[in-house]
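What follows is a single structure, written as structure tokens, with notes after it.
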Amino acid sequence: MEFGTTNMAANPSFLGGGATVSQLSSKWQTSRKTMLQAAHSRYRDTRASHPTDDKSLYALKRKIKDAVARAEILAPIALEHEEARRVKKEERIHECNLWDDPSRSNEILLQLADSVEVVGTLKDLRCKVEETKIMAELAGTYTVNYGLFNRAYTAYVHFSKSLDLYEMSKLLRGSYDKQGASLTIKAQDNDVNSEIWAEQLLSVYVKWAEKQGQRGVRITEKYSSSNFGIKSATVEFEIKYAYGCLVGECGVHHMISSHPKPSAAAVDVIPLFLNMSPDMDLPENDVIITSDSSCKTACGRVEHVIRAEHIPTGLFVHSSGERSHTGNRIKALNRLNAKLLMVMLEQGAPSVVDIRISEIRNAWKQDTRRYIFHPRKLVEDLKTGMELADMSSVLDGNIEPLIEAHINARQGLRL
């Protein structure tokens, strides 16, 4: 994501010391729109490449040089901003008695831990940028050292991803955007092509997480059909900001080919709480827990599925991926709590009893994206209007432009 170098270079006060947290935040917000204007046209390829000719070598050197210039401007500003936030949080801890309100104290301590982690990451990033710059310069000093250039490129990929994640975190300010995500895919009933399409969609999201260098991804449930596809699957992303990135994927994803009937699969995303799951304190009579063993997994074995339903709203979830009945029961209740919290947030309802049943969102009634294979290849996002011609790249997990477009739309900023 490009950074607004021109405006900041012309404004030395942007880097001025002694700024308050609010002033730094304001400066950050001022530069954010410039970053976003370049974000929607960027389509990064983070796969390492070995230069084989002068043209590819020049392109690689240009890419590294641009990335280093971007990082040298952004990293000091970001570090100053985050250091100020960390100091502010430490002051809050000193001002309050942590024993008076354990719940609030825990929240403040978690925020401080996050700030310390971000500061450490930015300091490490600053060092890696300098190392990359030196390696790139040394590699081309006399004879070309392709091995050193490749090392510089690998380092560039690493710190660019770190910067991208930091920039994204500045935009993801929703109540649960920082949480992990539980993503469920369901194929259209009684349709062979839709079941095959659902499995391909599952692969897209798993590959996306892998390309981010993330390891906290687990397919917890996967129910195969008899036609080499899947009826449904759930994948959990135990990754910070996964929910904020993936919530825009909710809805129906259509696959349009030469087949007369389009294929479809619905995607639903709920938060996966990484620290402590909120306790909704639901009345015992409002929740019914049932169990059945009618689902066949991808391995061919039959598993006991726990179903948790909130009777007043009719909302329900399933869980079968844990090793024990108790584990699945806890997971189902956590998912139900998360689903209720999301409905409350969407409707602005202060409590569960205020949920308007008629306004509960149905994933099957919201079109999200069309993947057109015939007569020409095109990925068309129906929520943002973004179109991408490189179908193969999207299906290989490169969905960052689509994710960024959704985040921008939620922020209410025009590209």
For this session: Quick one: do Ile256 and His374 satisfy side-chain contact (heavy atoms from CB on, under 4.5 Å)? Show the steps, please.
Result: CA-CA 7 Å; Ile256 300 172; His374 183 80; over 6 Å; no

Exercise. Can you list the residues that meet the side chain to side chain contact (heavy atoms under 4.5 Å, CB included) rule with Val192, with sequence neighbours excluded?
Worked result: Ile196, Asn227

Problem set entry | Under 3.5 Å side-chain donor-acceptor pair for Asp396 and Ser393 | no

For this session: List the steps and the verdict of side-chain contact (heavy atoms from CB on, under 4.5 Å) for Tyr176 and Leu341.
Result: CA-CA 10 Å; Tyr176 307 114; Leu341 284 169; 3.6 Å; yes

Exercise. Just wondering, do Glu346 and Ile360 contact through their side chains at under 4.5 Å, heavy atoms?
Worked result: no

Exercise. Does a side chain donor of either Ser194 or Gln188 reach within less than 3.5 Å of an acceptor in the other side chain?
Worked result: no

For this session: Answer yes or no: is there an ion pair linking Glu83 with Lys123, defined by an N-O contact shorter than 4.0 Å?
Result: yes

Exercise. Ion pair present between Lys383 and Asp367, side-chain N to carboxylate O less than 4.0 angstrom?
Worked result: no

For this session: For Tyr205 and Glu249, test the side chains for any donor-to-acceptor distance below 3.5 angstrom and give the result as yes or no.
Result: yes

For this session: State whether Asp66 and Arg62 are salt-bridged, where the test is any N-O pair (Lys NZ or Arg NE/NH1/NH2 against Asp/Glu carboxylate O) under 4.0 Å.
Result: yes

Exercise. Hey, which of Lys261, Lys231, Lys186 is the one that makes salt bridge (Lys or Arg N to Asp or Glu O under 4.0 Å) with Asp191?
Worked result: Lys261

Exercise. So, are Lys211 and Glu400 salt-bridged, with charged N and O less than 4.0 Å apart?
Worked result: no

Problem set entry | Test item: Asp177 side-chain N/O and Gly174 main-chain N/O as donor-acceptor pair under 3.5 Å | yes

Exercise. With no hydrogens and no angle check, is any side-chain donor or acceptor of Asn328 less than 3.5 Å from a backbone partner on Gly321?
Worked result: yes

Problem set entry | Separation between OG1 of Thr121 and CG of Leu79, rounded to the nearest 0.5 Å | 10.5 Å

For this session: Ignoring hydrogens and angles, tell me if any N or O in the side chain of Trp197 forms a donor-acceptor pair with the backbone of His253 under 3.5 Å.
Result: yes

Exercise. Does the side chain of Val379 reach to within under 4.5 Å of the side chain of Arg369, using non-hydrogen atoms?
Worked result: yes

Exercise. How about Arg410 and Leu172: do any of their side-chain heavy atoms sit closer than 4.5 Å?
Worked result: yes

Problem set entry | Heavy-atom side-chain contact between Leu246 and Val267 under 4.5 Å | no

Seminar exercise, completed: Rounding to 0.5 Å, atoms OG (Ser263) and CD (Glu195) come to a distance of 10.0 Å

For this session: Please tell me if the side chains of Leu272 and Glu238 come closer than 4.5 Å, counting only heavy atoms from C-beta onward.
Result: yes

Exercise. Side chains of Thr384 and Asp381: is there a donor and an acceptor less than 3.5 Å apart?
Worked result: yes

Exercise. Could you go step by step and tell me if Lys377 and Asp390 meet the salt bridge (charged side-chain N to carboxylate O under 4.0 Å, His left out) rule?
Worked result: CA-CA 8 Å; Lys377 291 186 177 181; Asp390 196 344; over 6 Å; no

Exercise. Charged N to carboxylate O under 4.0 angstrom, Arg86 versus Glu82?
Worked result: no

For this session: For Glu221 and Ala233, indicate whether the former's side chain and the latter's backbone hold a donor-acceptor pair under 3.5 Å.
Result: no

Exercise. CZ/Phe159 to CZ/Arg70 distance, rounded to the nearest 0.5 angstrom?
Worked result: 8.0 Å

For this session: For atom CG of Asn190, decide whether the heavy atoms of other residues, nucleotides or ligands shown that lie under 6.0 angstrom number more than 12.
Result: no

For this session: Show your reasoning for whether salt bridge (charged side-chain N to carboxylate O under 4.0 Å, His left out) applies to Arg126 and Glu130.
Result: CA-CA 7 Å; Arg126 191 171 55 181; Glu130 191 61 30; over 6 Å; no

Problem set entry | Worked verdict on Val206 versus Glu210 for side-chain contact (heavy atoms from CB on, under 4.5 Å) | CA-CA 6 Å; Val206 172; Glu210 291 173 348; 3.7 Å; yes

For this session: Could you pull out the closest heavy-atom pair between Tyr166 and Ala78, with the gap in Å?
Result: CE2-CB, 3.4 Å

For this session: Considering non-hydrogen atoms only, spot the tightest contact between Ile306 and Ala332 and give its length.
Result: CG2-CB, 4.0 Å

Problem set entry | Salt bridge flag under 4.0 Å for residues Arg85 and Glu80 | no

Exercise. What is the minimum heavy-atom distance between Ile407 and Cys245, and which atoms define it?
Worked result: CD1-CA, 4.5 Å

Exercise. Does atom NZ of Lys89 have more than 12 heavy-atom neighbours from other groups under 6.0 Å away?
Worked result: yes

Problem set entry | Exercise: do Tyr371 and Glu380 side chains pair donor with acceptor under 3.5 Å | no

Exercise. What are the two closest non-hydrogen atoms of Gly180 and Leu274, and how far apart are they?
Worked result: N-CG, 3.6 Å

Exercise. If you take all heavy atoms of Ile64 and Tyr156, which pair is closest and at what distance?
Worked result: CG1-CB, 4.3 Å

Exercise. Taking the side chain as C-beta and beyond, is there a heavy-atom pair between Asn193 and His259 under 4.5 Å?
Worked result: yes

For this session: Verify side-chain contact (heavy atoms from CB on, under 4.5 Å) between His81 and Lys170, making sure each step is shown before the conclusion.
Result: CA-CA 11 Å; His81 175 69; Lys170 297 294 102 180; 4.1 Å; yes

Exercise. Can you tell me how far the NE2 atom of His310 sits from the CD1 atom of Ile355, to the nearest 0.5 Å?
Worked result: 7.0 Å

Exercise. Any side-chain heavy atom of Leu388 sitting closer than 4.5 Å to one from Leu402?
Worked result: yes

For this session: Find the distance between CD1 (Ile230) and CD1 (Ile219) and round it off to the nearest 0.5 Å.
Result: 8.0 Å

Seminar exercise, completed: Tightest non-hydrogen contact, residues Gln179 and Pro271, listed as CB-CB, 4.3 Å

Exercise. Going by atom types only, do Thr234 and Thr184 share a side-chain donor-acceptor pair under 3.5 Å?
Worked result: yes

Exercise. Do NZ/NE/NH1/NH2 and the carboxylate oxygens of Arg307 and Glu309 come within less than 4.0 Å?
Worked result: yes

Seminar exercise, completed: Sorted by chain and number, sequence neighbours left out, side chain to side chain contact (heavy atoms under 4.5 Å, CB included) with Lys331 holds for Arg218, Glu236, Ser319, Glu322, Arg335

Exercise. Taking the side chain from Thr368 and the backbone from Cys250, do they hold a donor-acceptor pair closer than 3.5 Å?
Worked result: yes

Exercise. Tell me, do Leu340 and Leu336 make a side-chain contact under 4.5 Å, heavy atoms counted?
Worked result: yes

Problem set entry | Between CD on residue Glu167 and CG on residue Leu163, distance to nearest 0.5 Å | 6.0 Å

For this session: Return the orientation label for the Phe237 and Trp208 ring planes: parallel under 30°, perpendicular over 60°, tilted otherwise.
Result: perpendicular

